[in-house]
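Below you'll find the structure, written out as structure tokens, and then a few comments.
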Amino acid sequence: MAENTKPVLRFAPSPTGMLHIGGARTALFNWLYARHTGGTFLLRIEDTDRERSTPEAVDAILAGMRWMGLNWDGEVIFQFARATRHREVAEKLLAEDKAYRCYATAEELTQMREEQKATGKPMRYDGRWRDRHPGPEQQGKPFVVRLKARQDGETIVHDMVLGHVRFENTQLDDMVLLRSDGTPTYMLAVVVDDFDMGITHVIRGADHLNNAARQLQLIEAMGAPVPVYGHLPLINGPDGAKLSKRHGALAVGAYRDMGYLPETMRNYLLRLGWSHGDDEIISTAQAIEWFNLDSIGKSAARMDYKKLDNLNGHYIRESADATLVAEVTEFLSRETPPRVLGTTARARLQAAMPSLKERAKTLVELSQGAEFLFTDGPRALDEAAAKLLMPQARALLAETLPALEATDWGASDLEAAARGFADAKGLKLGQVAQPLRAALTGKTSSPPLFEMLALLGREESLIRIRAYRG
RNA sequence: GUCCCCAUCGUCUAGCGGUUAGGACGCGGCCCUCUCAAGGCUGAAACAGGGGUUCAAUUCCCCUUGGGGGCACCA
């Protein structure tokens with residue numbers, strides 16, 4: 001058997017919501033492993049739940065994947081389109097006596113579970129139709145098709161991250177393969193699709209660990225090859241509790257809106273559950289080279305937004321100025337209402353970017369820090385700046401002005417002038433600079449003052465300073 | 001309830017029988033400095049508890065406790 005030895009991976013989200021952070025990490029790990037091994041990374045949309053699947057969610061998932069930079073190979077596969085094939089497998093199992101029809105009604109099963117719960121017994125399907133043949137009264141009645149799973153022995157999931165996990169087969173009940181309307185369940189669809197697509201490695205959330213055992217029974221019944229499993233520990237919120245809407249920022253799109261860079265997300269999510277010695281800053285290229293399944297941690301991790309900020313600050317500083325100008329421009333255009341930067345604003349943004357990017361942790365902070373470059377005229381003062389520009393400071397502003405006006409408005413000349421003035425007055429440079437900064441930017445913190453004065457130019461700078469001179 | 005998984009600083013983690021238990025974020029201090037950052041130096045901060053195994057346990061085994069996940073004709 002000359003088989004393709006390259007791994008085939010897949011990310012298989014269900015389109016019932018946005019691509020959330022946990023799903024994004026699962027996708028990332030699959031993608032990294034595929035790229036690391038030169039294998040294939042497929043994207044399969046698990047839309048067998050017709051009630052809850054929406055085209056909007058499909059779009060959101062695709063958009064999220066693209067933003068994260070996780071490119072998949074080949075066409076997107078929609079699971080529901082393969083329903084006929086799934087049914088075919090179920091029929092075959094039925095014919096081979098590896099599956100059977102169950103006529104138990106929903107009410108009947110609910111009652112069964114309630115009784116089990118009341119008597120403290122494990123809640124499982126009791127196999128009431130496993131060896132029972134339908135009588136005349138079942139004629140024309142709806143039924144589901146269940147797998148006739150082995151009841152003795154145990155099923156062992158050989159997991160790359162969790163090790164060998166054993167389940168007593170008595171713990172696993174006969175799962176539904178085909179619903180009473182004839183549609184396949186997720187359990188059937190995943191196994192059949194993974195088989196048909198030649199999936200060699202199944203990397204997914206640990207919430208699927210129990211499913212793996214049940215799917216293994218189906219795989220055995222089908223005589224299909226067993227893939228390598230890797231169940232990733234879940235991601236919790238900052239408080240350690242399950243990640244939920246309450247924590248906000250669930251969807252990857254929310255992170256984009258908060259001004260995080262895709263490379264930040266890839267690096268952060270990678271380190272959340274995977275490690276390579278003491279390395280923290282790991283470029284995507286480096287990640288592809290290093291990624292392996294052995295270094296995936298076993299315990300659940302929590303989101304740490306401070307660390308995410310820190311990483312994002314790093315990647316912002318690493319980004320090329322022109323790239324950031326484009327990012328900020330694009331970012332502002334997505335605001336409501338959208339903001340459009342003129343050519344002057346863009347030129348100033350570009351010129352100030354080396355200083356600007358040193359001070360921002362997110363694209364939001366970057367845009368806010370550049371605010372004073374976007375429009376002309378006197379600045380509105382923020383609280384701290386207003387407090388600083390008290391009469392005394394304004395008077396000082398007026399006194400400083402002549403010294404500045406005497407220069408040819410180059411950054412170093414301006415600084416020299418300000419220093420000279422401060423020395424003459426027996427003041428520290430900061431005491432002279434702060435009022436100037438407040439008038440120029442409307443804030444008490446900004447990129448280096450003299451660079452900004454030079455950048456804005458003599459005329460514009462003087463307009464802003466004179467507006468607050470006492 | 002039942003099955004399964006997990007457990008090192010506040011957080012993410014390194015460690016794979018013998019270490020001054022390392023790094024990163026965050027926090028404190030110092031330096032640099034026109035502000036804010038960035039950067040440099042530095043400090044505090046962890047092996048959940050109890051039993052074993054062993055000459056030796058953070059490391060291996062068991063129990064307890066604490067988290068998490070599953071137990072649908074959802075995925």
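Keep in mind the model is a prediction, meaning the values are calculated, not measured.
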OP1 or OP2 of [N] under 4.0 Å from side-chain N/O of [X]:
X        : N     : result
A:Arg166 : B:C3  : no
A:Arg52  : B:A75 : no
A:Ser275 : B:A14 : yes
A:Thr48  : B:A75 : yes

*Check whether more than 12 heavy atoms from other residues, nucleotides or ligands sit under 6.0 Å from atom CD of A:Glu108, and answer yes or no.*
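More than 12 heavy atoms, drawn from other residues, nucleotides or ligands, come within 6.0 Å of this atom.
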
*Is A:Arg466 atom CZ crowded by more than 12 heavy atoms from other residues, nucleotides or ligands, each under 6.0 Å away?*
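Counting other residues, nucleotides and ligands, CZ of A:Arg466 exceeds 12 neighbours.
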
Would you mind classifying the nucleic acid contact of [X] as base, sugar-phosphate or nothing, using non-hydrogen atoms under 4.0 angstrom?
X        : answer
A:Ser14  : sugar-phosphate
A:Pro13  : nothing
A:Ser299 : sugar-phosphate
A:Tyr268 : nothing
A:Met175 : nothing
A:Lys117 : nothing
A:Gly273 : sugar-phosphate

Between [atom2] of [N] and [atom1] of [X], the distance in whole Å:
X        : N     : atom1 : atom2 : value
A:Asp309 : B:A38 : CG    : C1'   : 15 Å
A:Gln171 : B:C5  : CD    : C1'   : 15 Å
A:Phe11  : B:A75 : CZ    : P     : 16 Å
A:Asn267 : B:C12 : CG    : C1'   : 12 Å
A:Leu449 : B:U35 : CG    : C1'   : 9 Å
A:Leu188 : B:A75 : CG    : C1'   : 14 Å
A:Ile281 : B:G39 : CD1   : C1'   : 14 Å
A:Leu366 : B:A38 : CG    : C1'   : 14 Å

[M] and [N], which share atom name [atom1], separated by this distance in whole Å:
N     : M     : atom1 : answer
B:G22 : B:C16 : C1'   : 15 Å
B:U11 : B:A45 : C1'   : 12 Å
B:G67 : B:C73 : C1'   : 32 Å
B:C27 : B:A37 : P     : 10 Å
B:G69 : B:A14 : C1'   : 26 Å
B:G51 : B:A44 : P     : 30 Å
B:C9  : B:G15 : P     : 16 Å
B:U58 : B:U20 : P     : 14 Å

Can you measure from [atom1] ([X]) to [atom2] ([Y]) and round to the nearest 0.5 angstrom?
X        : Y        : atom1 : atom2 : result
A:Asp382 : A:Glu371 : CG    : CD    : 11.5 Å
A:Leu269 : A:Ile21  : CG    : CD1   : 5.0 Å
A:Thr323 : A:Glu327 : OG1   : CD    : 7.0 Å

Which nucleotide, if any, forms a Watson-Crick or G-U wobble pair with [N], using both distances under 3.5 Å?
N     : result
B:A57 : none
B:G43 : B:C27
B:C71 : B:G1

*Closest to the A:Tyr186 side chain: B:U13, B:U35, B:A75?*
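Nearest listed nucleotide: B:A75.
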
*Between B:C5, B:C36, B:C3, which one does the side chain of A:Ser445 approach most closely?*
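Output: B:C36.
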
*Which letters describe nucleotides 21-31 of chain B, given B = protein heavy atom under 4.0 Å from base, S = only from sugar-phosphate, - = neither?*
-BBBBS-----

*Mark up nucleotides 58-73 of chain B, 5' to 3', with B wherever a protein heavy atom is under 4.0 angstrom from a base atom, S wherever such an atom reaches only the sugar-phosphate, and - elsewhere.*
-----------BSSSB

*salt bridge (charged side-chain N to carboxylate O under 4.0 Å, His left out) assessment of A:Asp173 paired with A:Arg214*: CA-CA 8 Å; A:Asp173 58 4; A:Arg214 293 150 65 86; 2.7 Å; yes

*Between A:Gln431 and A:Val165, who's closer to the 5' end of RNA chain B by nearest nucleotide?*
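So the residue in question is A:Val165.
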
*A:Trp274 or A:Gln434: which one's nearest nucleotide on RNA chain B is closer to the 5' end?*
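First, find each residue's nearest nucleotide; the 5'-ward one identifies A:Trp274.
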
_Minimum side-chain heavy-atom gap A:Trp409-A:Ser461 below 4.5 Å_ =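 Yes, close enough: below the 4.5 Å cut-off.
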
*Do A:Asn267 and A:Thr264 have side chains that get closer than 4.5 Å, going by heavy atoms?*
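The answer is no, as the side chains (C-beta and beyond) never meet within the 4.5 Å cut-off.
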
*asked:* Ignoring hydrogens and geometry beyond distance, is a side-chain donor-acceptor pair present between A:His201 and A:Asn30 at under 3.5 Å?
replied: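 Absent: no donor and acceptor within the cut-off.
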
*On the ring face of A:Phe372, is A:Arg379 found with NZ or CZ under 6.0 Å from the centre and within 45° of the axis?*
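Output no; distance or angle outside limits.
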
_Looking at A:Phe29, I'd like to know if the NZ or CZ of A:Arg25 sits under 6.0 Å from its six-membered ring centre while staying within 45 degrees of the ring's axis._
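Checked: cation-pi criterion met.
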
*Could you tell me whether A:Glu399 and A:Lys425 have a side-chain N and a carboxylate O separated by less than 4.0 Å?*
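Between A:Lys425 and A:Glu399 there is a salt bridge, with a charged N closer than 4.0 Å to a carboxylate O.
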
